[in-house]
A.B. asks: 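Following this message is one structure expressed as structure tokens.
What you see is a predicted model; the values in this text were computed from it and never measured. Throughout, a chain's letter reflects where its sequence line sits, starting with A, and its residues are numbered from 1.
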Amino acid sequence: MAKNITPRGVNFSEWYQDVIKAGELADHSPVKGCMVIRPDGYAIWEQMQAKLDRRFKELGHVNAYFPLLIPESFITKEAEHVEGFAPELALVTHAGGKELEERLAIRPTSETIIGHMYAKWVQSYRDLPVLINQWANVMRWELRTRMFLRTTEFLWQEGHTAHETYDEAQEETLKMLEVYRWFLEDICAIPVIAGAKPEHEKFPGALTTYAVEAMMQDGKALQSATSHNLGQNFAKAFEILFLDRDNQQQHCWTTSWGSTTRMIGALIMTHGDDDGVIIPPRLAPTQVVIVGLWKNEAEKVGVVAHVEAIRAEIAKVLDPLKIKLDLRDNLRPGDRFFTWIQKGVPLRIEVGPKDVENEAGLSVRRDERTKEAISLGQMAQRVPQLLEEIQANLYAKALAYRAQKTQKIDDYQTFKTFMDGEGGFALAHWDGTKETADKIQEETKATIRVLLPIEGEESGVCMISGKPSKRRVIFSKAY
RNA sequence: CGGGGUGUGGCGCAGCCUGGCUAGCGCACCUGCUUUGGGAGCAGGGGGUCGGAGGUUCGAAUCCUCUCACCCCGACCA
């Protein structure tokens with residue numbers, strides 16, 4: 001159908017590139033690995049920000065801003081942290097025409113500088129907890145980049161909290177993981193599996209890392225957000241000390257949690273079809289577009305007035321900013337429909353002379369292409385219903401796809417065949433060692449995405465070593 | 001960082017191997033007419049010096065050398 005998009009079945013990664021171009025979501029920058037987020041892509045990010053920011057604040061967090069430049073020595077204070085980030089660190093060595101005394105890292109994440117500041121701000125248990133979030137850009141010098149999924153610079157949100165006890169920090173870590181699950185599933189209509197990362201895949205410097213993993217339409221996993229319990233590791237490196245209720249000095253327990261513009265990539269690869277991206281209604285910057293159709297000036301007058309009337313009806317129940325009108329007369333109808341299809345607007349309402357006559361509009365769903373005439377009087381009632389139906393349908397389809405591509409596997413031969421084929425999520429037993437995980441990755445390219453939650457506990461034996469295993473883990477090829 | 005590919009009007013490409021008329025084509029753009037409920041048709045028109053530098057030659061988009069950039073595939077990572 002779409003003449004400018006490679007079908008998913010032909011080449012998934014070309015399809016992905018094409019969809020982004022067709023939807024005018026982003027463009028390549030002159031600097032390798034960087035991308036320009038165009039207005040229609042950025043609008044999606046703004047919606048993500050709005051929803052998450054609201055939720056963070058409901059849970060007591062406040063926003064602040066920490067600087068882009070971090071003394072290089074900060075990064076090296078926490079042993080695992082340096083090791084983890086050194087390879088992808090960008091350093092400023094010169095400024096003001098001179099070589100710098102101490103090189104400055106462009107933040108790859110902000111645990112270090114924030115730890116440094118928290119050490120100054122926290123004195124007593126009365127100062128705790130500290131619940132700060134920041135919206136920022138970060139830079140990680142990646143070798144291989146992909147639009148939204150992995151770019152040298154990206155936008156994200158990073159929350160950093162400090163607490164009195166391990167339990168409080170752990171509670172915070174899981175609470176924020178749940179926020180991400182809620183956001184991805186209820187707002188983005190992306191089903192995710194939340195769980196802990198294995199030891200060897202955790203965030204550099206964390207005690208435990210949790211993540212939400214989604215399955216893309218090519219069967220690969222995408223880590224969509226993470227939440228870390230940092231224990232006292234950063235508190236010790238940066239001397240974040242407080243006087244506790246027993247007048248004893250101790251190190252704080254900290255957490256950090258983040259989500260990025262990568263979620264836009266997840267959105268595209270979860271819901272997109274061969275005609276382009278599909279934005280779930282609850283997230284869509286534009287939920288409804290009303291397209292006026294006419295053949296001559298005489299018809300135009302009536303159509304435009306009717307379009308306005310429909311807009312007014314819908315504006316009673318939706319945010320007026322999320323309703324767009326398309327009254328362009330330099331393009332023919334087909335072209336105009338396609339621009340909105342490719343931008344993923346969930347619902348289109350076509351309004352022509354016939355509709356003026358019938359006092360109605362013809363709605364067309366982006367997800368299923370089904371058409372339905374809606375009378376002017378019904379608009380305010382029916383449009384929100386349709387949007388919710390689309391939201392539910394997108395989630396249900398994604399969930400069904402994941403279910404269809406998820407299997408319990410107990411035998412390594414079957415596992416290999418599974419990963420060689422169409423792939424997907426394999427729920428398998430693993431002996432808990434990095435050696436086994438490495439062997440599996442080497443032979444099949446699959447990695448452990450997350451350990452299944454407690455309720456998924458089920459004992460068995462590792463499919464490689466035969467050693468006992470308490471629970472299944474998810475293996476998948478991943479982005 | 002290894003392998004592959006590509007740089008020619010705004011976008012997508014042909015031409016290059018076998019150097020030679022004013023460098024073509026499609027889309028987009030501008031003008032006019034006919035059209036218009038899933039990507040219109042005809043006619044006319046504007047726009048490029050061929051990624052960059054050097055070289056070979058009477059003559060280079062085309063051959064040689066160097067260089068820059070981007071994309072794709074792989075190992076590492078949100």
A.B. asks: Return all side-chain donor-acceptor pairs below 3.5 angstrom for residues 213-221 of chain A, not counting sequence neighbours, or 'none' if the list is empty.
C.D. replies:
from	atom 1	to	atom 2	distance (Å)
A:E213	OE1	A:Q223	N	3.4
A:E213	OE1	A:R449	NE	3.3
A:E213	OE2	A:K197	NZ	2.9
A:E213	OE2	A:R449	NH2	3.3
A:Q217	OE1	A:R8	NH1	2.6
A:Q217	NE2	A:M269	O	3.4
A:Q217	NE2	A:T270	O	3.0
A:Q217	NE2	A:G272	O	2.7
A:D218	OD1	A:K220	N	3.1
A:D218	OD2	A:Y479	OH	2.6

A.B. asks: Quick one: side chain to side chain donor-acceptor pair (under 3.5 Å) partners of A:D431, sequence neighbours excluded?
C.D. replies: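 Partners of A:D431 under the side chain to side chain donor-acceptor pair (under 3.5 Å) test: A:T433, A:T436, A:S465.
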
A.B. asks: What does A:R140 touch in the nucleic acid at a heavy-atom separation under 4.0 angstrom: a base, only the sugar-phosphate, or nothing?
C.D. replies: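 Here A:R140 touches the bases of the nucleic acid.
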
A.B. asks: Find every protein N or O atom lying less than 3.5 Å from an N or O atom of nucleotides 71-75 of chain B, and list the pairs.
C.D. replies:
from	atom 1	to	atom 2	distance (Å)
B:C71	OP1	A:H28	ND1	3.1
B:C72	OP1	A:Q17	OE1	3.1
B:C72	O3'	A:S13	OG	3.4
B:C73	OP1	A:S13	OG	2.7
B:C73	OP2	A:R144	NH2	2.2
B:G74	OP2	A:R144	NH1	3.4

A.B. asks: Identify which nucleotide among B:G37, B:G38, B:G39 has an atom closest to any side-chain atom of A:P353, counting heavy atoms from C-beta outward.
C.D. replies: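 Taking heavy atoms from C-beta onward, the closest nucleotide is B:G37.
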
A.B. asks: Heavy atoms only, 4.0 Å cut-off, all strands: where does A:I341 land among base, sugar-phosphate and nothing?
C.D. replies: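 The answer is base, as A:I341 lies within the cut-off (heavy atoms under 4.0 Å) of a base atom.
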
A.B. asks: Going by side chain to side chain donor-acceptor pair (under 3.5 Å), name the residues that satisfy it together with A:H81, two or more places apart in sequence or in a different chain.
C.D. replies: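 In terms of side chain to side chain donor-acceptor pair (under 3.5 Å), with neighbours along the sequence ignored, A:H81 is linked to no residue.
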
A.B. asks: Looking only at the side chain of A:K354 (C-beta and beyond, no hydrogens), which of the listed nucleotides B:G12, B:G39, B:G37 gets closest?
C.D. replies: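 The answer is B:G37.
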
A.B. asks: Ignoring hydrogens and angles, answer whether the base of B:G37 and the side-chain atoms of A:D355 contain a donor-acceptor pair closer than 3.5 Å.
C.D. replies: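 Such a pair is found, so the answer is yes.
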
A.B. asks: By side chain to side chain contact (heavy atoms under 4.5 Å, CB included), which residues pair with A:T286, not counting sequence neighbours?
C.D. replies: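 Checked A:T286 against side chain to side chain contact (heavy atoms under 4.5 Å, CB included); matches are A:K324, A:V345.
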
A.B. asks: Holding to side chain to side chain donor-acceptor pair (under 3.5 Å), I want the full list of residues that pass it with A:N229, two or more places apart in sequence or in another chain.
C.D. replies: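 Here the qualifying residues are A:Q170.
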
A.B. asks: Name all residues meeting the side chain to side chain contact (heavy atoms under 4.5 Å, CB included) criterion together with A:P108; count only those two or more places apart in sequence or in a different chain, and write none if there are none.
C.D. replies: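 With sequence neighbours excluded, A:P108 shows a side chain to side chain contact (heavy atoms under 4.5 Å, CB included) to A:I75, A:F85, A:L89, A:R140, given in chain and number order.
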
A.B. asks: Suppose we screen for side chain to side chain donor-acceptor pair (under 3.5 Å). Which residues come up paired with A:E368, at least two apart in sequence or across chains?
C.D. replies: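 With sequence neighbours excluded, A:E368 shows a side chain to side chain donor-acceptor pair (under 3.5 Å) to A:N393, A:K397, given in chain and number order.
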
A.B. asks: For residues 37-46 of chain A, pull every pair meeting side-chain hydrogen bond (donor to acceptor under 3.5 Å, both in side chains), keeping only residues two or more places apart or in separate chains.
C.D. replies: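 Passing the test, one end in residues 37-46 of chain A: A:D40-A:K343.
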
A.B. asks: Between residues 175-183 of chain A and RNA chain B, which residues have a heavy-atom gap below 4.0 Å?
C.D. replies: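 None, since no heavy atom is under 4.0 Å.
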
A.B. asks: For RNA chain B, produce a single dot-bracket line, 5' to 3'. Pairs: Watson-Crick or G-U wobble, both distances under 3.5 Å. Symbols: ( ) within strand, [ ] crossing, | other strand, . unpaired.
C.D. replies: ((((((((.[[[[.)....(...]]]].((((((.....)))))).....[[[[[..)....]]]]])))))))....

A.B. asks: Between N or O atoms, less than 3.5 Å apart, protein on one side and nucleotides 31-36 of chain B on the other: list the pairs.
C.D. replies:
from	atom 1	to	atom 2	distance (Å)
B:U36	O4'	A:R332	NH1	3.4
B:U36	O4	A:K295	O	3.0

